[in-house]
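Chain identifiers are assigned alphabetically (A, B, ...) following the order of the sequence lines, protein sequences preceding nucleic acid strands; residue numbering begins at 1 within each chain.
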Protein chains: 2
Amino acid sequence: MATSLKELAASLGLSQTTVSRALNGYPEVGEKTRRRVLEAAERANYRASTAARRLATGRANALGLVFSTERNILERPIVMDFLTGVSETAAREGLDIVLTPTRAGEEADACMRLATSGLVDALVLTSPILDEVRTSGIADLAFPIVAHGRPLHGQSVPYLSIDNFGGFKRGAQHLIELGHRRIGLVNGEARQAYAQDRTEGLGAALDEAGIARAQNLIRYGPLTFTLGYQSTLSILDEPQPPTALLASSVLVALGAMKALAERGLRVPQDMSIVAHDDEVAAFPPSMATPQLTTLNSSIRAAGARIAEMALERIASGGAPVASEVWPVPLTIRGSTAEALD
Amino acid sequence: MATSLKELAASLGLSQTTVSRALNGYPEVGEKTRRRVLEAAERANYRASTAARRLATGRANALGLVFSTERNILERPIVMDFLTGVSETAAREGLDIVLTPTRAGEEADACMRLATSGLVDALVLTSPILDEVRTSGIADLAFPIVAHGRPLHGQSVPYLSIDNFGGFKRGAQHLIELGHRRIGLVNGEARQAYAQDRTEGLGAALDEAGIARAQNLIRYGPLTFTLGYQSTLSILDEPQPPTALLASSVLVALGAMKALAERGLRVPQDMSIVAHDDEVAAFPPSMATPQLTTLNSSIRAAGARIAEMALERIASGGAPVASEVWPVPLTIRGSTAEALD
DNA sequence: CTGAAAGCGCTTACAG
DNA sequence: CTGAAAGCGCTTACAG
């Protein structure tokens, strides 16, 4: 066992009270006393038991994340970048992160457990998990929660989301300005809020340009290389194939480019591509040839900010914080060009 | 605040002792009593405070991982797959995972804190972090640690590693059998044990075939797309460029293929490629055209097994468990062919 | 500036 | 089969 406060205090001939105060930086401790305590603690390699501290203070100094072992296993690079962002804030604030791995369908239980067990001070959830959990009564707990992404069912949970609608509308407008009138979209899973918003963004841009929406040029699925590849092949088989493609991730765009290459179509001469770029370190748009025109948002920055929002909720005693919707700028590179026909 | 044991016991007219025993499945509780308790707990949404339980039992029911915010940010897909594996075991055993984000150089501190604070029952470390930490005296703590990868400095920590030497020797032999005599290698960072083992594996295969080792055909760096791209360009500029390439990851191989395409070299006709495949979900070898011949090992399975090893150490009261070295099979696909010259 | 004592919410010998 | 009580290792009013 590691040394305890009691032992440390005894070895110094001081009370636990004084030693505790010295260690925690309370002002009412004498300077020499503090120094003595700090040195002894250092020497004895003393570390306060977090369990005891939690029990005594009621504060856990940790953020909880619920992480599904099965769900979205193919989107892990994104999860990891998000986690990195959360970690940055956590490291700065000296917080731990408690990951609760769960099987699909058990998310609600895991959230309830984290919220009621005192393990963590706040919960950071992705909106799909929040949607999963909404009937569990976790909202009644008045436990601080912050979500990543717009919750589908309008829960009153503060969230941070990028402007998926505005971003994809902007991306589509860029293509329309280049003369494209048939625009395909390889999107995320249809039930996800972000995917719906992206479809609507494309639709709005088409509406404003007086172009009919073409549902048959849209595909949905998990954001993988394979989705990009297969969806593109299938879109190319439509009676009126598009001359431009919107891809919901760089990985999807890479899959699309493989399909285009197989069909002998060149980018951007025969097909323009705009990809959403989450700025995931593993998939820089420079991986593609030509480099991709992208809609940008840093998933990592979002994670860092969400952790801050959680801290604000904790600090304010659980008062709601304002949700944020981040703009999604367009970066034009080499994968978009004027339409030929 | 959530309901406490005390309140729950009072509402049932039972003692805390009995309620606690009923909840924890102790045998000496009457059947009807147990049922009553379980129902009441369910209704009150009771969850034992983990902090209190930890303090009382001394067991944390959690695994600690130290995770560097800055280091290897480009290898996140791998970290995430490893984490997924750890999570699988953790979910099955009902453990939490405590991630301690740290800045580079602060790993030792983070490990000591985790080990001495009672937050976790065991530590799962990657060998680079273990190497970082070896002077901190953490080994003296008799705290259960299990490492991923062979520790460089021969610490007596149980570890799980794949057979990097044997795998790359096998990969090189495959190329030699196809008639290749000049084999390039784009490897991980030179100071890492796995990278050294891979270089030695290639060297051993060359030695056995009576071919001189060519240091100038080897490059080291972080396992990124960019490394594969730039290293390959630079290897091609050597006076005697290779006819085959060993790549330390699929991502690196993708970068290499971009470089080859730019130089007008075809795979496998002009250049054979064998890539190490960590079976990271984000980078299936099918992403490449042609599909890559690979050396396979599942980083996810390794994570799951390492968590089990940690549990075995905990269960045995900290006794060391046997280290494991996993074989690395070769899967031949379309990126290797006979040498022309 | 320092200390004695209560309390955080559990578990678990010990006694019955 | 059930309960009263001690103890896990801290923090923090309260008193001096």
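Protein atom CG of B:Leu14 is 7 Å distant from nucleotide atom P of D:dT2, rounded to whole Å. Straight-line distance from the CZ atom of A:Arg34 to the C1' atom of C:dT2: 13 Å, rounded to whole Å. Computed from coordinates, the A:Gln16 CD to D:dT12 P distance equals 14 Å when rounded to whole Å. To the nearest angstrom, C1' of D:dG3 lies 15 Å from CG of B:Leu12. Spacing between atom CG of A:Asn61 and atom P of D:dC10 amounts to 15 Å, rounded to whole angstrom units. Rounded to an integer number of Å, the gap from B:Lys6 NZ to D:dA6 C1' is 15 Å. Summarising the geometry, the separation between CG on B:Leu55 and P on D:dA6 is reported as 17 Å, rounded to the nearest angstrom. Residue A:Leu23 contributes atom CG, which lies 13 Å from atom C1' of D:dG9 at whole-angstrom precision.
The closest side-chain heavy-atom distance from B:Leu8 to B:Thr3 is not below 4.5 Å.
Contact check on B:Glu39 versus B:Arg34 returns no salt bridge, with no Lys/Arg side-chain nitrogen under 4.0 Å from an Asp/Glu carboxylate oxygen. Taking the charged nitrogens against the carboxylate oxygens, B:Arg305 and B:Glu312 do have a contact shorter than 4.0 Å, which makes a salt bridge.
The gap from the C1' atom of D:dT12 to that of D:dG16 amounts to 16 Å, rounded to the nearest Å.
In the interface, the side chain of B:Thr17 is not paired with the base of C:dT11 through any donor and acceptor atom under 3.5 Å apart. Counting atom types as modelled, B:Arg21 pairs a side-chain N or O with a base atom of D:dG3 as donor and acceptor under 3.5 Å. At a cut-off of 3.5 angstrom, counting only N and O atoms as typed in the model, there is no donor on one side facing an acceptor on the other between the side-chain of A:Arg54 and the base of D:dG9.
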| message | Pair B:Arg113, A:Asp96 - check salt bridge (Lys or Arg N to Asp or Glu O under 4.0 Å), show working. | response | CA-CA 11 Å; B:Arg113 191 173 68 78; A:Asp96 289 307; 2.8 Å; yes
| task | Please report the C-alpha distance between B:Asn45 and B:Arg43 in whole Å, then the side-chain angles of each, then the deciding distance to 0.1 Å, and finally whether the side-chain hydrogen bond (donor to acceptor under 3.5 Å, both in side chains) criterion is met. | result | CA-CA 5 Å; B:Asn45 221 310; B:Arg43 214 167 332 109; over 6 Å; no
| said: Quick one, A:Asp81 with A:Asp278, criterion side-chain contact (heavy atoms from CB on, under 4.5 Å). Give me CA distance, side-chain angles, the key distance, then yes/no. | reply: CA-CA 9 Å; A:Asp81 266 52; A:Asp278 284 306; over 6 Å; no
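When Watson-Crick and G-U wobble pairs are counted only if both distances are under 3.5 Å, D:dA13 pairs with no nucleotide at all.
For the OP1/OP2 pair of D:dT11 and a distance below 4.0 Å, the side-chain nitrogens and oxygens of A:Ser20 include at least one atom meeting the criterion. For the OP1/OP2 pair of C:dG9 and a distance below 4.0 Å, the side-chain nitrogens and oxygens of B:Tyr46 include no atom meeting the criterion. Here A:Thr33 reaches the OP1 or OP2 of C:dT2: one of its side-chain N or O atoms lies under 4.0 Å away.
Map A:Thr18 and B:Glu28 each onto its nearest nucleotide of DNA chain D; the residue landing nearer the 5' end is B:Glu28. Map A:Leu5 and B:Val19 each onto its nearest nucleotide of DNA chain D; the residue landing nearer the 5' end is B:Val19.
Counting any heavy atom pair closer than 4.0 Å across all strands shown, A:Thr50 reaches no nucleic acid atom.
The side chain of A:Tyr26 has D:dT12 as its nearest neighbour among D:dT12, C:dC10, D:dC10. Proximity note for B:Ser49 (side chain, C-beta onward) versus C:dA4, D:dG3, C:dC10: the nearest is C:dC10.
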